[in-house]
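Okay, so here's the structure we're looking at.
These figures come from a predicted structure and were not determined experimentally.
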Amino acid sequence: MIGFASGTWGVPDPGHILWKGYSVTGALHSVRSRKERTDSIAVLNNLLEEGKISPLPTTVHDFDGAVNALASLRDPQPGLVVVRGTQSSAC
């Protein structure tokens, strides 16, 4: 449900969640201060870089490569496409 720019929310499938045994949580960054958002993004990036969290197979693009990242979504592939922002590009 991250990045619901289409204007529609995703609809979780409770059966899939139960069958696969994963958790669904939410975080609304818009109610956080700019410092809290920046700090939480830094923590998540550090966890990723240290290998403490491992998302689905992922291609990571720098912010300058956002156009190529979007273009890569045309090819059906499992996993995620990530555009990594910088401190100055964080919301």
Side-chain angles (χ1 to χ4, degrees):
M1 289 188 259
I2 295 172
F4 54 94
S6 67
T8 59
W9 287 92
V11 179
D13 177 356
H16 191 265
I17 294 167
L18 180 63
W19 183 255
K20 294 293 185 175
Y22 56 88
S23 299
V24 178
T25 60
L28 186 59
H29 266 350
S30 63
V31 299
R32 310 260 188 258
S33 70
R34 183 177 199 80
K35 181 177 179 344
E36 288 172 320
R37 290 192 306 263
T38 300
D39 290 349
S40 67
I41 290 168
V43 167
L44 287 172
N45 280 335
N46 287 337
L47 290 171
L48 179 63
E49 289 170 2
E50 293 170 2
K52 293 182 178 176
I53 57 174
S54 53
L56 295 169
T58 304
T59 55
V60 180
H61 301 264
D62 289 330
F63 190 75
D64 292 338
V67 171
N68 291 334
L70 289 172
S72 75
L73 295 174
R74 287 187 224 135
D75 300 326
Q77 60 187 5
L80 305 170
V81 175
V82 174
V83 175
R84 182 177 293 174
T86 62
Q87 292 294 329
S88 63
S89 67
C91 297

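We find the CZ-CG distance between R32 and D39 to be 11.5 Å, quoted to the nearest 0.5 Å. Separation of atoms CG (L44) and CD (E49) is listed at 11.0 Å; rounding is to 0.5 Å.
Residues meeting the side chain to side chain donor-acceptor pair (under 3.5 Å) test with K20, sequence neighbours left out: none. D62 is linked by a side-chain contact (heavy atoms from CB on, under 4.5 Å) to nothing, counting only residues two or more places apart in sequence or in another chain. Under the rule for a side-chain contact (heavy atoms from CB on, under 4.5 Å), the partners of I53 that lie at least two apart in sequence or sit in another chain are L47, L48.
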